[in-house]
There are 2 protein chains.
Amino acid sequence: MTVATSDEGPAVPVTIRDVARASGVHISTVSRTFSAPHLVNPETRVRVLACAEDLGYRPNRAARALITGRTHNIGLIIADIANPFFPPLIKAAESQARHRDYHVFVADTNEDPTAEEELVHALAKQVDGVLLCSPRMSNSLIEQLSREVPLVVVNRQVTGLPCVLMDVGQGARAAIEHLIGLGHRSIALLGGPRSSWTNREMRRAATTAARSGGVELTVLGPNAPTETGGLAVADQVRRSGVTAVLAYNDLMAIGLIEGLDALGVRVPQEVSVVGVDDIALSRLTRPKLTTVATPTGAAGRTAVDMLLQQDIESPRGARGPGAGTALGVRRTTAQVMLQTDLVIRDSTGPGPHARPARPLAAPPGPDPHCPAGPGVPTAATGDAVAS
Amino acid sequence: MTVATSDEGPAVPVTIRDVARASGVHISTVSRTFSAPHLVNPETRVRVLACAEDLGYRPNRAARALITGRTHNIGLIIADIANPFFPPLIKAAESQARHRDYHVFVADTNEDPTAEEELVHALAKQVDGVLLCSPRMSNSLIEQLSREVPLVVVNRQVTGLPCVLMDVGQGARAAIEHLIGLGHRSIALLGGPRSSWTNREMRRAATTAARSGGVELTVLGPNAPTETGGLAVADQVRRSGVTAVLAYNDLMAIGLIEGLDALGVRVPQEVSVVGVDDIALSRLTRPKLTTVATPTGAAGRTAVDMLLQQDIESPRGARGPGAGTALGVRRTTAQVMLQTDLVIRDSTGPGPHARPARPLAAPPGPDPHCPAGPGVPTAATGDAVAS
DNA sequence: TACTTCACTGCAAACCTTTGCAGGGATCAC
DNA sequence: GTGATCCCTGCAAAGGTTTGCAGTGAAGTA
């Protein structure tokens, strides 16, 4: 380890006043040079700019925000940055924001609802709005927080708030039908976090699809939405005697496959596995993962658009002329539902020709109605969920 | 898609003044209630707190920062958030920061030096310091930016700035020696991004180790540090006739294995592959990846510590008493080098008993000195790199 | 009683910037 | 020559908060 001393430290901060003094004009002229150049004489402008450059002046964005009410920042709160599901969403959001001259600040909550709330507070006055992705806190808390800072919720339906949803219900249905079509009659659903909206939607849709397909559905969980979570239930899956599994997400599916492999259970020969998300990794595992692709990029872009739209409509901090009547700003809130796609790869295969090989298997469901009729449409009709 | 209208929008912002009015005290008392509670009468305090609670008051952190000069935020700039190398670093940094009552804002640059620079400017006045991880811009630009906001650099050596480095030189050496020990005589190094400090260090150390081991080292690259980057060079690797490869990082190693697999080349039977980073994924691929484990968590924690330490020493925005003499603040800068570890798993195996099977193989190096002597120590002696 | 001490609170400046308003000077038309 | 118009610039308030200083009243001490 080297230790050195230097006096190249952050220089004394140079403010608009320093530039004004150096260029012999009033600070308001300097201000205008940067925020409304057309209002200042070209000659003055170049002089001011030269001085600014010379002194290394940069407008203080915090001070500017204090008076304009706009920071040109967007906060992005996500449950777990280690989940490869999120990076494409983040990148899409950042790219979209950049086009609109906004910056995105990302924060990770470690799936902790308390951290989520605290982060919203922390970000509140430093950003123009927050994108809340796969939140773990309650709907009522989200509504309450939305009075503090404009919010757009991703992967959760909150009435009265703009939401970006992915139709995992349809995806789960497609997955179950795919498995039924392959001849599976006993299927497990690996649940994710309890407070996840996606989790509830999947469960509902999978249950419906299984019922109308006349097959048995075992729900295992809740589980941590990670490889470890999937790994941990491998033994339970094996003993349950199911021949196919729909996992809450790809990470769990991958962990499960790993766990089954360790137990000597082959995928897809003995057990078929379907994930959700279509993370980049799902193309790299062996077997390549059959999964429900979710439009993460579109979700990020859409969320930014919705936030900025609502943001532009109602300039921040606008006190009513009548001296602070507590009348909220009127605004429109839309909820968009993005489509999902089943991507069939190598982790699903034909169901057992005979009964399940494992002795502990529960008997198949008693009343098979129709072989594989499309289930009741469940999209977009959900009420508020996730207490 | 549902569209609705609501007037539950963000309420009129409630300020310290509103609380003061409601509780019948001066704003300074309200301020003290929050930032110096011991200075205000307990009765007054509870009254003020009640009013604040009632009105839903939250101190405006931006305004506070304007006057105190401290935001209690840390910026974290990352080359590519999709690289699983970073999440553990991010999480460690966040956890460490939280203990010190700081928040971390993460931003991704897409490996784009321009975006990096812009982000530093954007963050400058909204955070107390920035952690620059695996930067892609020039050292001189970094030095220049460090005058705008306190900086700690991770994975890059910049003289005069606090740096957190991982000893990838030692790691690369250990990897090469491991391969030599297995009997490999013709090894390739898959290079990463040209402007990466890690890339240069690895190359230097690998070259030295190969030379002193008397084996041939082929450098392939630069390449994108992603699965795709690894996938893309698979054919080149095959044709080069090497029997072992050290990749710039795990992602490339995994992509390479995938690519070799597609070409019918078996790992590790025909070609051994070593990665760097030990991302979680490297335990899940098949074969499990042999890799140089880098202490990402420790790096994140250390970086936060170094930033906060330097930050505390020199309170921001302190103008000298002599009315703005441009004398920089004196501060200490340390450079720490963290150790790496070779983790041997299943992607490396014995070298060829005979000559390499492929016809195109280059002849082995002419002068084998010592079988596997430890190379010259290269740690911590590097000058500034990466123009 | 007079004086000190103490706890608490109010006053006002400060942080850095933006912006509505008004003033100054030049240009132009009549 | 007068008045209107226009471009540019300065003035000062505002945004929400912190903080050094001073002032108040009460308690304590002699």
Side-chain angles (χ1 to χ4, degrees), chain A residues 12-21 23-48 52 55-72 121 124-126 128 148-149 315-319 321 323-324, chain B residues 12-48 52 55-72 124-126 128 148-149 315-319 321 323-324:
Chain A
V12 173
V14 27
T15 78
I16 204 174
R17 230 174 296 269
D18 301 318
V19 180
R21 199 173 312 133
S23 49
V25 296
H26 194 260
I27 58 165
S28 55
T29 301
V30 179
S31 172
R32 276 187 276 257
T33 303
F34 287 93
S35 49
H38 60 281
L39 288 183
V40 23
N41 185 313
E43 290 176 30
T44 320
R45 191 161 60 214
V46 301
R47 185 155 41 94
V48 170
L55 276 61
Y57 168 73
R58 294 266 164 190
N60 182 326
R61 310 191 66 181
R64 174 182 292 180
L66 186 58
I67 187 165
T68 62
R70 330 219 93 263
T71 63
H72 274 248
H121 286 143
K125 290 300 192 309
Q126 327 206 36
D128 294 341
E148 199 165 328
V149 56
R316 287 287 294 296
R319 269 178 189 272
Chain B
V12 173
V14 26
T15 77
I16 204 175
R17 231 173 294 270
D18 300 318
V19 180
R21 199 174 311 132
S23 49
V25 298
H26 194 262
I27 59 165
S28 55
T29 302
V30 179
S31 172
R32 276 187 276 256
T33 303
F34 287 93
S35 49
H38 61 280
L39 288 182
V40 23
N41 185 313
E43 290 177 31
T44 321
R45 191 161 58 213
V46 300
R47 186 154 41 94
V48 170
L55 276 61
Y57 168 73
R58 295 265 164 191
N60 183 325
R61 311 189 73 193
R64 174 181 292 179
L66 187 58
I67 187 164
T68 62
R70 331 219 94 264
T71 63
H72 274 248
K125 290 299 191 310
Q126 328 207 34
D128 294 341
E148 197 165 331
V149 57
R316 287 284 296 295
R319 269 178 189 274

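Below, chains carry the letters A, B, ... as their sequence lines are ordered, and counting in each starts from 1.
- By the side-chain hydrogen bond (donor to acceptor under 3.5 Å, both in side chains) test, T33(B) pairs with no residue at all, sequence neighbours left out.
- Counting to the nearest Å, the C1' atom of dT17(C) and the CZ atom of R70(A) are 16 Å from each other.
- Residues satisfying the side-chain contact (heavy atoms from CB on, under 4.5 Å) test with I67(A), not counting sequence neighbours, are none.
- Taking CG of L55(B) as the reference point, atom CD1 of I16(B) lies at 12.5 Å (rounded to 0.5 Å).
- Among all heavy-atom pairs drawn from P59(B) and R64(B), the shortest one is CB-NH2, 3.3 Å.
- In this entry the distance linking CD of E43(A) with P of dC7(D) reads 16 Å, nearest Å.
- The stretch residues 55-63 of chain B touches DNA chain D through Y57(B), R58(B), P59(B), N60(B), A63(B), each having a heavy atom within less than 4.0 Å of the strand.
- Rounded to whole Å, atom C1' of dC6(C) lies 14 Å from atom NE2 of H38(B).
- Look at CD on Q126(A): it is 13 Å from C1' on dG16(D), rounded to the nearest Å.
- Residues satisfying the side-chain hydrogen bond (donor to acceptor under 3.5 Å, both in side chains) test with T71(A), not counting sequence neighbours, are D128(A).
- Applying the salt bridge (Lys or Arg N to Asp or Glu O under 4.0 Å) rule to pairs touching residues 26-44 of chain B yields nothing, sequence neighbours excluded.
- Bending across the helix from dT1(C)-dA30(D) to dC30(C)-dG1(D), expressed as the angle between its end axes from five pairs apiece, amounts to 50° (10° rounding).
- L66(A) is linked by a side-chain contact (heavy atoms from CB on, under 4.5 Å) to N60(B), A63(B), L66(B), counting only residues two or more places apart in sequence or in another chain.
- Contacts of R61(B) classified as side-chain contact (heavy atoms from CB on, under 4.5 Å), with partners at least two apart in sequence or in another chain: A122(A), Q126(A), H72(B), N73(B), H103(B).
- Side-chain N/O atoms of T44(A) include one lying less than 4.0 angstrom from OP1 or OP2 on dT9(D).
- Considering every non-hydrogen atom in both A124(B) and E148(B), the closest pair reads CB-OE2, 3.9 Å.
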> side chain to side chain contact (heavy atoms under 4.5 Å, CB included) between T44(B) and T29(B): does it pass, once the steps are laid out?
Replying inline: CA-CA 9 Å; T44(B) 321; T29(B) 302; 4.1 Å; yes

For nucleotides 19-21 of chain D, give me every protein contact, N/O to N/O, under 3.5 Å, one pair per line with atom names.
none

Could you go through residues 19-26 of chain B and list every donor-acceptor pair under 3.5 Å that involves a side-chain atom there, pairing it with any protein atom two or more places apart or in another chain?
residue	atom	partner	partner atom	Å
S23(B)	OG	V19(B)	O	2.6
H26(B)	ND1	S28(B)	N	3.1
H26(B)	ND1	S28(B)	OG	2.9

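- Atom P of nucleotide dC8(D) and atom CG of L39(A) are separated by 8 Å, given to the nearest angstrom.
- Distance CZ (R47(A)) to P (dT9(D)): 8 Å, rounded to an integer number of Å.
- In this entry the distance linking CD1 of I16(A) with C1' of dG10(D) reads 13 Å, nearest Å.
- To the nearest angstrom, P of dT17(D) lies 9 Å from CG of L66(A).
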